[in-house]
2 protein chains.
Amino acid sequence: MHRETLQRYMNYLLLLTKLKNEGRATVTSDELAVREGVTGSRVRQDLSALRILGKPRQGYRIADLEILISSMLDILSAKPVALVGIGNLGRALVLSDIWSHAGFDLVALFDNDPALIGASVAGLPVRDAATMERFIQEQGIESACLALPADKAQAVVDRLVDAGVRALWNFALIDLDVPAGIIVENQRLEQGLMALSFRIAKRNQDDARSSQD
Amino acid sequence: MHRETLQRYMNYLLLLTKLKNEGRATVTSDELAVREGVTGSRVRQDLSALRILGKPRQGYRIADLEILISSMLDILSAKPVALVGIGNLGRALVLSDIWSHAGFDLVALFDNDPALIGASVAGLPVRDAATMERFIQEQGIESACLALPADKAQAVVDRLVDAGVRALWNFALIDLDVPAGIIVENQRLEQGLMALSFRIAKRNQDDARSSQD
DNA sequence: CCGCTCTCGGTACCCGGTTATCGATTCTAC
DNA sequence: GTAGAATCGATAACCGGGTACCGAGAGCGG
(Lines give C-alpha, C1' and ligand atoms only; values in the text may rest on other atoms or scores of the structure.)
Protein backbone atom coordinates (compact mmCIF):
# COMPACT_ATOMS: atom_id res chain seq x y z
CA MET A 1 0.00 0.00 0.00
CA HIS A 2 1.29 3.42 -0.92
CA ARG A 3 1.74 6.29 1.44
CA GLU A 4 -1.02 8.34 -0.11
CA THR A 5 -3.51 5.53 0.27
CA LEU A 6 -2.57 4.95 3.88
CA GLN A 7 -2.92 8.61 4.60
CA ARG A 8 -6.36 8.61 3.03
CA TYR A 9 -7.47 5.83 5.35
CA MET A 10 -6.21 7.74 8.36
CA ASN A 11 -8.04 10.84 7.23
CA TYR A 12 -11.22 8.85 6.72
CA LEU A 13 -10.90 7.71 10.30
CA LEU A 14 -10.50 11.24 11.62
CA LEU A 15 -13.49 12.40 9.60
CA LEU A 16 -15.60 9.49 10.78
CA THR A 17 -14.93 10.31 14.41
CA LYS A 18 -16.00 13.86 13.74
CA LEU A 19 -19.18 12.76 11.97
CA LYS A 20 -20.01 10.34 14.74
CA ASN A 21 -19.73 13.12 17.28
CA GLU A 22 -22.23 15.05 15.19
CA GLY A 23 -24.66 12.20 15.65
CA ARG A 24 -24.39 10.75 12.17
CA ALA A 25 -24.76 7.00 11.69
CA THR A 26 -24.05 6.67 7.99
CA VAL A 27 -21.94 8.49 5.41
CA THR A 28 -21.83 8.43 1.62
CA SER A 29 -18.72 7.99 -0.46
CA ASP A 30 -19.11 11.44 -1.96
CA GLU A 31 -19.19 13.05 1.45
CA LEU A 32 -15.89 11.47 2.40
CA ALA A 33 -14.54 12.23 -1.05
CA VAL A 34 -15.08 15.98 -1.09
CA ARG A 35 -13.39 16.37 2.28
CA GLU A 36 -10.43 14.39 1.05
CA GLY A 37 -10.15 16.06 -2.32
CA VAL A 38 -10.76 12.88 -4.31
CA THR A 39 -13.76 11.40 -6.11
CA GLY A 40 -16.42 9.12 -4.74
CA SER A 41 -15.07 6.40 -6.99
CA ARG A 42 -11.76 6.44 -5.20
CA VAL A 43 -13.41 6.28 -1.79
CA ARG A 44 -15.59 3.37 -2.84
CA GLN A 45 -12.54 1.52 -4.14
CA ASP A 46 -10.69 2.18 -0.91
CA LEU A 47 -13.55 0.85 1.17
CA SER A 48 -14.15 -2.04 -1.17
CA ALA A 49 -10.55 -3.10 -0.64
CA LEU A 50 -11.39 -3.56 3.04
CA ARG A 51 -14.43 -5.64 2.10
CA ILE A 52 -16.68 -2.95 3.49
CA LEU A 53 -20.12 -2.96 1.90
CA GLY A 54 -22.42 0.00 1.67
CA LYS A 55 -26.04 0.25 0.75
CA PRO A 56 -27.36 2.24 -2.19
CA ARG A 57 -29.17 5.44 -1.27
CA GLN A 58 -27.91 5.11 2.27
CA GLY A 59 -24.14 4.97 2.27
CA TYR A 60 -21.79 3.20 4.66
CA ARG A 61 -22.35 2.59 8.33
CA ILE A 62 -19.88 4.77 10.21
CA ALA A 63 -19.45 2.25 13.00
CA ASP A 64 -18.43 -0.45 10.51
CA LEU A 65 -15.95 1.82 8.80
CA GLU A 66 -14.36 2.84 12.07
CA ILE A 67 -13.85 -0.71 13.20
CA LEU A 68 -12.51 -2.01 9.91
CA ILE A 69 -10.15 0.86 9.22
CA SER A 70 -8.96 0.80 12.82
CA SER A 71 -8.29 -2.89 12.66
CA MET A 72 -6.43 -2.52 9.39
CA LEU A 73 -4.19 0.08 10.98
CA ASP A 74 -4.04 -2.15 14.07
CA ILE A 75 -4.81 0.78 16.33
CA LEU A 76 -7.28 -1.16 18.44
CA SER A 77 -4.46 -2.99 20.15
CA ALA A 78 -2.27 -1.48 22.86
CA LYS A 79 1.28 -2.24 21.90
CA PRO A 80 3.67 -1.25 24.70
CA VAL A 81 6.11 1.46 23.71
CA ALA A 82 9.02 3.15 25.44
CA LEU A 83 10.02 6.78 25.01
CA VAL A 84 13.68 7.72 25.18
CA GLY A 85 14.63 11.34 25.76
CA ILE A 86 12.59 13.41 28.16
CA GLY A 87 13.40 16.85 26.84
CA ASN A 88 10.80 19.34 25.81
CA LEU A 89 9.76 17.26 22.84
CA GLY A 90 9.64 14.09 24.91
CA ARG A 91 7.45 15.72 27.53
CA ALA A 92 5.13 17.09 24.86
CA LEU A 93 4.73 13.58 23.47
CA VAL A 94 4.14 12.05 26.90
CA LEU A 95 1.44 14.57 27.67
CA SER A 96 -0.29 14.14 24.31
CA ASP A 97 -3.06 11.61 23.84
CA ILE A 98 -1.84 10.26 20.54
CA TRP A 99 -0.50 6.99 21.88
CA SER A 100 -3.79 5.30 22.56
CA HIS A 101 -5.31 6.74 19.41
CA ALA A 102 -2.64 5.04 17.36
CA GLY A 103 -2.73 1.68 19.10
CA PHE A 104 0.11 2.13 21.53
CA ASP A 105 0.46 2.15 25.29
CA LEU A 106 3.26 4.34 26.58
CA VAL A 107 4.70 2.30 29.42
CA ALA A 108 8.20 3.60 30.08
CA LEU A 109 10.26 6.79 29.93
CA PHE A 110 14.04 6.83 29.83
CA ASP A 111 16.65 9.55 30.11
CA ASN A 112 20.23 9.72 31.23
CA ASP A 113 19.99 13.10 32.94
CA PRO A 114 20.31 12.54 36.71
CA ALA A 115 18.21 15.63 37.30
CA LEU A 116 15.30 13.97 35.51
CA ILE A 117 15.63 10.37 36.66
CA GLY A 118 13.03 9.60 39.27
CA ALA A 119 10.81 12.48 38.29
CA SER A 120 7.33 11.74 37.08
CA VAL A 121 5.69 12.90 33.88
CA ALA A 122 1.99 12.29 33.41
CA GLY A 123 2.16 9.65 36.10
CA LEU A 124 5.04 7.76 34.55
CA PRO A 125 8.44 7.67 36.25
CA VAL A 126 11.52 8.69 34.30
CA ARG A 127 13.88 5.73 34.48
CA ASP A 128 17.64 5.67 34.25
CA ALA A 129 18.70 4.96 30.69
CA ALA A 130 21.26 2.56 32.09
CA THR A 131 18.40 0.22 33.03
CA MET A 132 16.79 0.46 29.62
CA GLU A 133 17.82 -2.87 28.08
CA ARG A 134 16.78 -4.86 31.11
CA PHE A 135 13.37 -3.22 31.42
CA ILE A 136 12.64 -3.62 27.72
CA GLN A 137 13.59 -7.28 27.74
CA GLU A 138 11.60 -8.03 30.88
CA GLN A 139 8.51 -6.24 29.61
CA GLY A 140 8.83 -7.54 26.07
CA ILE A 141 8.63 -4.05 24.61
CA GLU A 142 9.05 -4.06 20.84
CA SER A 143 8.45 -0.41 20.00
CA ALA A 144 10.29 2.74 21.00
CA CYS A 145 10.14 6.44 20.33
CA LEU A 146 13.31 8.47 20.02
CA ALA A 147 13.05 12.07 21.15
CA LEU A 148 16.70 12.92 21.54
CA PRO A 149 19.52 14.75 19.76
CA ALA A 150 20.78 13.37 16.48
CA ASP A 151 24.25 12.67 17.83
CA LYS A 152 22.96 10.37 20.55
CA ALA A 153 20.29 8.59 18.55
CA GLN A 154 22.31 5.90 16.79
CA ALA A 155 23.94 4.62 19.98
CA VAL A 156 20.57 4.38 21.70
CA VAL A 157 19.05 2.61 18.72
CA ASP A 158 21.78 -0.01 18.75
CA ARG A 159 21.07 -0.73 22.41
CA LEU A 160 17.31 -0.81 21.85
CA VAL A 161 17.58 -3.19 18.93
CA ASP A 162 19.86 -5.47 20.93
CA ALA A 163 17.28 -5.49 23.69
CA GLY A 164 14.55 -6.61 21.31
CA VAL A 165 12.95 -3.44 19.95
CA ARG A 166 11.77 -3.95 16.38
CA ALA A 167 9.95 -0.72 15.54
CA LEU A 168 11.14 2.85 16.00
CA TRP A 169 9.48 6.25 15.80
CA ASN A 170 12.37 8.60 15.27
CA PHE A 171 12.35 12.36 15.80
CA ALA A 172 16.12 12.77 15.52
CA LEU A 173 17.29 14.31 12.28
CA ILE A 174 19.45 11.40 11.21
CA ASP A 175 19.21 8.33 9.04
CA LEU A 176 19.29 5.51 11.51
CA ASP A 177 21.24 2.40 10.64
CA VAL A 178 19.27 -0.67 11.65
CA PRO A 179 19.32 -4.39 10.78
CA ALA A 180 16.87 -5.70 8.19
CA GLY A 181 13.39 -6.23 9.55
CA ILE A 182 13.52 -3.33 11.99
CA ILE A 183 10.97 -0.67 11.09
CA VAL A 184 11.94 2.98 11.33
CA GLU A 185 9.32 5.66 10.91
CA ASN A 186 11.04 9.02 10.67
CA GLN A 187 9.10 12.03 11.82
CA ARG A 188 10.95 14.79 10.04
CA LEU A 189 9.53 17.98 11.45
CA GLU A 190 11.72 20.13 9.27
CA GLN A 191 10.26 18.60 6.13
CA GLY A 192 6.89 20.05 7.01
CA LEU A 193 8.47 23.45 7.44
CA MET A 194 10.36 23.13 4.15
CA ALA A 195 7.14 22.16 2.42
CA LEU A 196 5.53 25.28 3.85
CA SER A 197 8.40 27.38 2.54
CA PHE A 198 7.98 25.89 -0.91
CA ARG A 199 4.26 26.49 -0.93
CA ILE A 200 4.74 30.10 0.10
CA ALA A 201 7.29 30.64 -2.66
CA LYS A 202 4.97 29.03 -5.18
CA ARG A 203 1.99 31.13 -4.12
CA ASN A 204 4.03 34.31 -4.30
CA GLN A 205 5.16 33.40 -7.81
CA ASP A 206 1.63 32.62 -8.90
CA ASP A 207 0.35 35.86 -7.39
CA ALA A 208 3.03 37.83 -9.19
CA ARG A 209 2.17 36.13 -12.46
CA SER A 210 -1.57 36.65 -12.23
CA SER A 211 -1.23 40.33 -11.28
CA GLN A 212 1.06 40.75 -14.26
CA ASP A 213 -1.59 39.57 -16.69
CA MET B 1 4.34 19.40 -8.00
CA HIS B 2 3.25 16.36 -6.10
CA ARG B 3 4.06 15.68 -2.52
CA GLU B 4 6.28 12.70 -3.30
CA THR B 5 8.36 14.73 -5.70
CA LEU B 6 8.76 17.55 -3.23
CA GLN B 7 9.82 15.11 -0.56
CA ARG B 8 12.40 13.64 -2.91
CA TYR B 9 13.93 17.05 -3.45
CA MET B 10 14.11 17.62 0.29
CA ASN B 11 15.77 14.26 0.78
CA TYR B 12 18.25 15.00 -1.97
CA LEU B 13 19.14 18.16 -0.09
CA LEU B 14 19.68 16.31 3.18
CA LEU B 15 21.83 13.72 1.44
CA LEU B 16 23.85 16.38 -0.33
CA THR B 17 24.66 18.11 2.94
CA LYS B 18 25.84 14.81 4.31
CA LEU B 19 27.97 14.08 1.27
CA LYS B 20 29.47 17.55 1.36
CA ASN B 21 30.46 17.01 4.97
CA GLU B 22 32.24 13.88 3.83
CA GLY B 23 34.32 16.00 1.51
CA ARG B 24 32.61 14.99 -1.72
CA ALA B 25 32.33 17.52 -4.53
CA THR B 26 30.25 15.56 -7.04
CA VAL B 27 27.60 12.88 -6.93
CA THR B 28 26.09 10.57 -9.54
CA SER B 29 22.42 10.09 -10.16
CA ASP B 30 22.64 6.44 -9.16
CA GLU B 31 24.15 7.30 -5.80
CA LEU B 32 21.27 9.60 -4.95
CA ALA B 33 18.86 7.06 -6.39
CA VAL B 34 19.77 4.09 -4.25
CA ARG B 35 19.52 6.15 -1.06
CA GLU B 36 16.09 7.34 -2.11
CA GLY B 37 14.77 4.01 -3.27
CA VAL B 38 14.26 5.11 -6.86
CA THR B 39 16.20 4.70 -10.08
CA GLY B 40 18.88 6.89 -11.56
CA SER B 41 16.47 7.78 -14.33
CA ARG B 42 14.09 9.36 -11.89
CA VAL B 43 16.84 11.36 -10.24
CA ARG B 44 18.12 12.61 -13.58
CA GLN B 45 14.61 13.68 -14.54
CA ASP B 46 14.16 15.48 -11.22
CA LEU B 47 17.42 17.36 -11.63
CA SER B 48 16.78 18.02 -15.29
CA ALA B 49 13.52 19.73 -14.32
CA LEU B 50 15.59 22.23 -12.34
CA ARG B 51 17.81 22.80 -15.40
CA ILE B 52 20.71 21.25 -13.54
CA LEU B 53 23.28 19.74 -15.88
CA GLY B 54 25.69 16.99 -14.98
CA LYS B 55 28.72 15.66 -16.76
CA PRO B 56 29.12 12.10 -17.99
CA ARG B 57 31.48 9.96 -15.93
CA GLN B 58 31.54 12.60 -13.25
CA GLY B 59 28.03 13.30 -12.07
CA TYR B 60 26.53 16.49 -10.70
CA ARG B 61 28.33 19.18 -8.75
CA ILE B 62 27.02 19.03 -5.20
CA ALA B 63 27.36 22.77 -4.71
CA ASP B 64 25.16 23.44 -7.74
CA LEU B 65 22.52 21.01 -6.61
CA GLU B 66 22.39 22.49 -3.14
CA ILE B 67 21.93 26.01 -4.41
CA LEU B 68 19.32 25.17 -7.01
CA ILE B 69 17.24 22.88 -4.83
CA SER B 70 17.47 25.31 -1.94
CA SER B 71 16.34 28.18 -4.11
CA MET B 72 13.46 26.14 -5.48
CA LEU B 73 12.33 25.45 -1.92
CA ASP B 74 13.04 29.11 -1.11
CA ILE B 75 14.98 28.14 1.99
CA LEU B 76 17.79 30.58 1.34
CA SER B 77 15.59 33.46 2.45
CA ALA B 78 14.80 34.26 6.08
CA LYS B 79 11.07 34.79 6.27
CA PRO B 80 10.08 36.07 9.71
CA VAL B 81 7.81 33.70 11.60
CA ALA B 82 6.00 33.86 14.93
CA LEU B 83 5.41 30.92 17.24
CA VAL B 84 2.23 30.81 19.31
CA GLY B 85 2.04 28.47 22.29
CA ILE B 86 5.11 28.07 24.47
CA GLY B 87 4.31 24.71 25.98
CA ASN B 88 6.65 21.75 25.83
CA LEU B 89 6.22 21.41 22.09
CA GLY B 90 6.67 25.12 21.53
CA ARG B 91 9.88 25.17 23.57
CA ALA B 92 11.19 22.15 21.68
CA LEU B 93 10.58 23.96 18.40
CA VAL B 94 12.19 27.17 19.62
CA LEU B 95 15.29 25.31 20.70
CA SER B 96 15.58 23.34 17.48
CA ASP B 97 17.59 24.61 14.56
CA ILE B 98 15.06 23.80 11.88
CA TRP B 99 13.91 27.36 11.28
CA SER B 100 16.97 28.61 9.50
CA HIS B 101 17.36 25.34 7.63
CA ALA B 102 13.91 25.79 6.16
CA GLY B 103 14.21 29.46 5.24
CA PHE B 104 12.58 31.00 8.28
CA ASP B 105 13.68 33.33 11.02
CA LEU B 106 11.88 32.85 14.30
CA VAL B 107 11.36 36.37 15.56
CA ALA B 108 8.56 36.24 18.12
CA LEU B 109 7.03 33.96 20.76
CA PHE B 110 3.52 34.40 22.12
CA ASP B 111 1.59 32.83 24.95
CA ASN B 112 -1.26 33.89 27.18
CA ASP B 113 0.05 32.28 30.37
CA PRO B 114 1.10 35.11 32.76
CA ALA B 115 3.66 32.77 34.28
CA LEU B 116 5.44 32.54 30.93
CA ILE B 117 5.10 36.10 29.63
CA GLY B 118 8.35 37.95 29.99
CA ALA B 119 10.41 34.79 30.25
CA SER B 120 13.06 34.13 27.68
CA VAL B 121 13.51 31.00 25.55
CA ALA B 122 16.65 30.69 23.47
CA GLY B 123 17.16 34.42 23.79
CA LEU B 124 13.68 35.33 22.60
CA PRO B 125 11.18 36.93 25.00
CA VAL B 126 7.78 35.37 25.43
CA ARG B 127 5.27 38.10 24.59
CA ASP B 128 1.72 38.54 25.80
CA ALA B 129 -0.67 37.02 23.29
CA ALA B 130 -2.80 40.12 23.72
CA THR B 131 -0.13 42.10 21.87
CA MET B 132 0.08 39.59 19.05
CA GLU B 133 -1.87 41.38 16.32
CA ARG B 134 -0.05 44.64 16.81
CA PHE B 135 3.40 43.08 16.76
CA ILE B 136 2.64 41.02 13.67
CA GLN B 137 1.30 44.00 11.78
CA GLU B 138 4.21 46.22 12.77
CA GLN B 139 6.80 43.63 11.84
CA GLY B 140 5.00 42.52 8.69
CA ILE B 141 5.12 38.87 9.76
CA GLU B 142 3.31 36.63 7.30
CA SER B 143 4.03 33.19 8.75
CA ALA B 144 3.13 31.62 12.06
CA CYS B 145 3.50 28.30 13.83
CA LEU B 146 0.73 26.99 16.05
CA ALA B 147 1.87 24.85 18.95
CA LEU B 148 -1.21 24.94 21.11
CA PRO B 149 -4.21 22.82 22.05
CA ALA B 150 -6.80 22.06 19.38
CA ASP B 151 -9.57 23.90 21.18
CA LYS B 152 -7.66 27.18 21.17
CA ALA B 153 -6.20 26.95 17.68
CA GLN B 154 -9.08 28.26 15.56
CA ALA B 155 -9.55 31.43 17.59
CA VAL B 156 -5.83 32.20 17.38
CA VAL B 157 -5.80 31.52 13.66
CA ASP B 158 -8.63 33.97 13.08
CA ARG B 159 -6.70 36.66 14.92
CA LEU B 160 -3.47 35.86 13.08
CA VAL B 161 -5.12 35.96 9.68
CA ASP B 162 -6.77 39.25 10.51
CA ALA B 163 -3.36 40.61 11.45
CA GLY B 164 -1.90 39.65 8.10
CA VAL B 165 -0.52 36.13 8.51
CA ARG B 166 -0.84 34.18 5.26
CA ALA B 167 0.93 30.90 6.01
CA LEU B 168 0.48 28.57 8.98
CA TRP B 169 2.37 25.59 10.33
CA ASN B 170 -0.17 23.84 12.49
CA PHE B 171 0.54 21.25 15.17
CA ALA B 172 -2.97 21.27 16.62
CA LEU B 173 -5.06 18.24 15.77
CA ILE B 174 -7.82 20.13 14.03
CA ASP B 175 -8.81 21.13 10.53
CA LEU B 176 -8.34 24.87 10.53
CA ASP B 177 -10.86 27.02 8.73
CA VAL B 178 -9.07 29.76 6.81
CA PRO B 179 -9.91 32.10 3.93
CA ALA B 180 -8.82 31.21 0.42
CA GLY B 181 -5.19 31.97 -0.26
CA ILE B 182 -4.02 31.22 3.26
CA ILE B 183 -1.66 28.26 3.34
CA VAL B 184 -2.00 25.71 6.12
CA GLU B 185 0.62 23.00 6.51
CA ASN B 186 -0.62 20.50 9.06
CA GLN B 187 2.00 18.58 11.00
CA ARG B 188 -0.01 15.62 12.18
CA LEU B 189 2.26 13.78 14.57
CA GLU B 190 -0.26 11.06 15.19
CA GLN B 191 -0.29 10.11 11.53
CA GLY B 192 3.32 9.10 11.78
CA LEU B 193 2.51 6.94 14.77
CA MET B 194 -0.48 5.39 13.01
CA ALA B 195 1.70 4.66 10.00
CA LEU B 196 4.14 2.91 12.32
CA SER B 197 1.31 0.86 13.77
CA PHE B 198 0.22 -0.18 10.31
CA ARG B 199 3.71 -1.12 9.25
CA ILE B 200 4.16 -3.24 12.38
CA ALA B 201 0.88 -5.03 11.74
CA LYS B 202 1.85 -5.64 8.14
CA ARG B 203 5.26 -7.01 9.06
CA ASN B 204 3.76 -9.32 11.65
CA GLN B 205 1.31 -10.62 9.07
CA ASP B 206 4.05 -11.14 6.52
CA ASP B 207 6.21 -12.91 9.07
CA ALA B 208 3.36 -15.21 10.02
CA ARG B 209 2.71 -16.00 6.38
CA SER B 210 6.30 -16.74 5.46
CA SER B 211 6.85 -18.96 8.48
CA GLN B 212 3.71 -20.83 7.51
CA ASP B 213 5.06 -21.73 4.07
C1' DC C 1 -47.58 -0.98 -6.73
C1' DC C 2 -44.67 1.46 -10.03
C1' DG C 3 -41.55 4.43 -11.49
C1' DC C 4 -37.77 7.79 -10.01
C1' DT C 5 -33.82 9.01 -7.81
C1' DC C 6 -29.86 8.20 -5.30
C1' DT C 7 -25.84 5.66 -4.29
C1' DC C 8 -23.26 1.54 -4.42
C1' DG C 9 -20.09 -2.01 -7.00
C1' DG C 10 -17.61 -3.12 -10.84
C1' DT C 11 -15.17 -2.14 -15.16
C1' DA C 12 -12.85 0.43 -18.58
C1' DC C 13 -10.15 4.26 -19.49
C1' DC C 14 -6.79 7.88 -18.70
C1' DC C 15 -2.99 10.23 -17.06
C1' DG C 16 1.21 11.02 -14.97
C1' DG C 17 4.92 9.17 -12.36
C1' DT C 18 8.48 5.59 -12.79
C1' DT C 19 11.41 2.68 -15.26
C1' DA C 20 13.98 1.05 -19.26
C1' DT C 21 16.61 1.94 -23.18
C1' DC C 22 19.79 4.15 -26.30
C1' DG C 23 22.81 7.48 -28.29
C1' DA C 24 26.11 11.09 -26.80
C1' DT C 25 29.85 12.69 -24.04
C1' DT C 26 33.80 12.61 -21.11
C1' DC C 27 37.29 10.60 -18.45
C1' DT C 28 40.80 6.69 -17.85
C1' DA C 29 44.13 3.49 -19.37
C1' DC C 30 47.42 1.90 -22.23
C1' DG D 1 45.73 8.92 -29.69
C1' DT D 2 42.53 5.36 -29.41
C1' DA D 3 39.65 1.93 -27.08
C1' DG D 4 36.74 1.25 -23.40
C1' DA D 5 33.98 2.20 -19.50
C1' DA D 6 30.96 5.09 -17.08
C1' DT D 7 27.42 8.41 -16.83
C1' DC D 8 24.48 11.84 -18.63
C1' DG D 9 20.20 13.51 -21.49
C1' DA D 10 16.26 12.29 -23.94
C1' DT D 11 12.66 9.44 -25.37
C1' DA D 12 9.77 5.53 -25.30
C1' DA D 13 7.41 1.98 -22.72
C1' DC D 14 5.29 0.55 -18.64
C1' DC D 15 2.45 0.56 -14.64
C1' DG D 16 -0.70 1.74 -11.19
C1' DG D 17 -3.47 5.08 -8.91
C1' DG D 18 -7.37 8.03 -10.04
C1' DT D 19 -11.52 9.08 -12.71
C1' DA D 20 -15.60 8.23 -15.47
C1' DC D 21 -19.13 5.50 -16.58
C1' DC D 22 -22.79 2.11 -16.27
C1' DG D 23 -25.73 -1.43 -14.44
C1' DA D 24 -27.94 -2.93 -10.00
C1' DG D 25 -30.25 -2.40 -5.77
C1' DA D 26 -32.58 0.34 -2.15
C1' DG D 27 -35.51 3.77 -0.55
C1' DC D 28 -39.17 7.50 -1.68
C1' DG D 29 -43.34 9.63 -3.75
C1' DG D 30 -47.48 9.32 -5.94
Side-chain angles (χ1 to χ4, degrees), chain A residues 1-13 15-16 19-20 24-69 72-73 191 195 198-199 202, chain B residues 1-13 15-16 19 23-69 72-73 191 195 198-199 202:
Chain A
M1 176 175 314
H2 287 244
R3 187 188 180 82
E4 294 272 317
T5 310
L6 182 57
Q7 198 151 339
R8 247 188 347 263
Y9 280 118
M10 295 190 289
N11 287 341
Y12 294 156
L13 199 53
L15 281 169
L16 290 168
L19 288 171
K20 200 177 61 172
R24 298 279 304 275
T26 61
V27 62
T28 66
S29 55
D30 276 339
E31 276 180 298
L32 289 174
V34 292
R35 305 214 196 186
E36 263 304 295
V38 293
T39 63
S41 279
R42 183 94 284 280
V43 174
R44 289 197 291 279
Q45 283 183 349
D46 284 341
L47 300 185
S48 174
L50 296 185
R51 313 251 186 265
I52 299 175
L53 294 181
K55 282 191 178 176
R57 243 195 112 81
Q58 195 168 347
Y60 298 85
R61 282 182 43 199
I62 289 179
D64 291 355
L65 296 189
E66 274 193 312
I67 292 176
L68 282 161
I69 296 178
M72 179 197 68
L73 297 174
Q191 286 199 348
F198 172 76
R199 291 173 64 189
K202 192 160 175 300
Chain B
M1 176 173 316
H2 287 247
R3 187 188 178 82
E4 294 272 316
T5 309
L6 183 56
Q7 198 151 340
R8 254 198 330 273
Y9 280 117
M10 295 191 288
N11 286 342
Y12 293 157
L13 199 52
L15 282 169
L16 290 169
L19 288 171
R24 299 277 305 274
T26 61
V27 62
T28 67
S29 55
D30 275 339
E31 275 181 298
L32 288 174
V34 292
R35 307 216 196 185
E36 263 304 295
V38 293
T39 62
S41 279
R42 183 93 284 280
V43 174
R44 289 198 292 278
Q45 282 184 348
D46 283 341
L47 300 185
S48 174
L50 295 185
R51 313 250 185 267
I52 300 175
L53 294 181
K55 281 191 179 176
R57 239 192 116 83
Q58 194 170 345
Y60 298 85
R61 281 181 48 197
I62 290 178
D64 291 354
L65 296 189
E66 274 193 313
I67 291 176
L68 281 161
I69 295 177
M72 180 197 64
L73 297 173
Q191 287 200 346
F198 172 76
R199 290 173 64 188
K202 192 160 178 298

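Just so it is clear: chains get the letters A, B, ... in the order the sequence lines come, proteins before strands, and each one is counted from 1. What's counted below: heavy atoms across the whole structure, side chains too, no hydrogens, waters or symmetry copies.
- For A/K202, the side chain to side chain contact (heavy atoms under 4.5 Å, CB included) test picks out A/F198, A/D206, with sequence neighbours left out.
- Partners of B/E36 according to the side-chain hydrogen bond (donor to acceptor under 3.5 Å, both in side chains) rule, which considers only residues two or more places apart in sequence or in another chain, are B/N11.
- Applying the side-chain hydrogen bond (donor to acceptor under 3.5 Å, both in side chains) rule to B/R24 yields the partners B/E31; only residues at least two apart in sequence or on another chain are considered.
- With sequence neighbours excluded, the residues that form a side-chain hydrogen bond (donor to acceptor under 3.5 Å, both in side chains) with B/Q7 are A/Q191.
- We find that CG of B/D46 is positioned 14 Å from C1' of C/dG16, with the value rounded to whole Å.
- The side chain of A/Q58 places an N or O atom within less than 4.0 Å of a non-bridging phosphate oxygen (OP1 or OP2) of D/dG27.
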Go through the steps for B/L16 and B/I69 under the test side-chain contact (heavy atoms from CB on, under 4.5 Å), then give the verdict. CA-CA 10 Å; B/L16 290 169; B/I69 295 177; 4.1 Å; yes
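- Nucleic acid contact class of B/G59 (heavy atoms, under 4.0 Å, all strands): sugar-phosphate only.
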Tabulate atom names and distances for all N/O pairs under 3.5 angstrom spanning the protein and nucleotides 21-23 of chain D.
{"from": "D/dC21", "atom 1": "N4", "to": "A/S41", "atom 2": "OG", "distance (Å)": "3.3"}

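- Contacts of B/I52 classified as side chain to side chain contact (heavy atoms under 4.5 Å, CB included), with partners at least two apart in sequence or in another chain: B/L47, B/L50, B/Y60, B/L65, B/L68.
- Spacing between atom NZ of A/K55 and atom C1' of D/dG27 amounts to 11 Å, rounded to whole angstrom units.
- Residue B/H2 has a polar side-chain atom (N or O) positioned under 4.0 Å from OP1 or OP2 of C/dG17.
- Rounding to the nearest 0.5 angstrom, the gap separating the OG1 atom in B/T5 from the CE atom in B/M10 is 10.5 Å.
- Using a 4.0 Å heavy-atom cutoff across all strands shown, B/R8 reaches sugar-phosphate atoms only and no base atom.
- Taking atom CD of A/Q7 as the reference point, atom P of D/dG17 lies 16 Å away to the nearest angstrom.
- Under the side-chain hydrogen bond (donor to acceptor under 3.5 Å, both in side chains) criterion, B/R42 pairs with B/Q45, B/D46, not counting sequence neighbours.
- B/E4 has its CD atom 11 Å from the P atom of C/dT19, to the nearest Å.
- Contact between B/G40 and B/S29 at its shortest, heavy atoms only, is O-CB, 3.8 Å.
- Side-chain nitrogen and oxygen atoms of B/T28 include none within less than 4.0 Å of the OP1 or OP2 phosphate oxygen of D/dT7.
- The distance from atom CZ of A/R3 to atom P of C/dG17 is 17 Å, rounded to the nearest whole Å.
- Under the side chain to side chain contact (heavy atoms under 4.5 Å, CB included) criterion, A/K20 pairs with A/I62, A/E66, not counting sequence neighbours.
- Of the inter-residue distances, the one linking A/H2 atom NE2 with B/E4 atom CD reads 8.5 Å to the nearest 0.5 angstrom.
- Considering only side-chain N and O atoms, A/R42 lies nowhere under 4.0 angstrom from the phosphate OP1 or OP2 of D/dA20.
- Between B/T39 and C/dT18 there is no side-chain polar atom (N or O) within less than 4.0 angstrom of OP1 or OP2.
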In dot-bracket, 5' to 3', how would DNA chain C read with Watson-Crick or G-U wobble pairs under 3.5 Å, [ ] for crossing ones and | for pairs to another strand? ||||||||||||||||||||||||||||||
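- Atom P of nucleotide C/dC8 and atom CZ of A/R61 are separated by 15 Å, given to the nearest angstrom.
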What does the list of N/O pairs under 3.5 Å between the protein and nucleotides 12-15 of chain D look like, with a distance for each?
none

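- Applying the side chain to side chain contact (heavy atoms under 4.5 Å, CB included) criterion to B/R61, with sequence neighbours excluded, gives B/T26, B/D64.
- For A/M1 and D/dG18, the CE to C1' distance is 16 Å, given to the nearest whole Å.
- We find that OH of B/Y60 is positioned 18 Å from P of D/dA6, with the value rounded to whole Å.
- The phosphate of D/dA10 (OP1 or OP2) has a side-chain N or O of B/S48 nearer than 4.0 angstrom.
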Output a table of nitrogen or oxygen pairs between the protein and nucleotides 3-6 of chain C separated by less than 3.5 Å.
{"from": "C/dT5", "atom 1": "O2", "to": "A/R57", "atom 2": "NH1", "distance (Å)": "2.9"}
{"from": "C/dC6", "atom 1": "O4'", "to": "A/R57", "atom 2": "NH1", "distance (Å)": "2.8"}

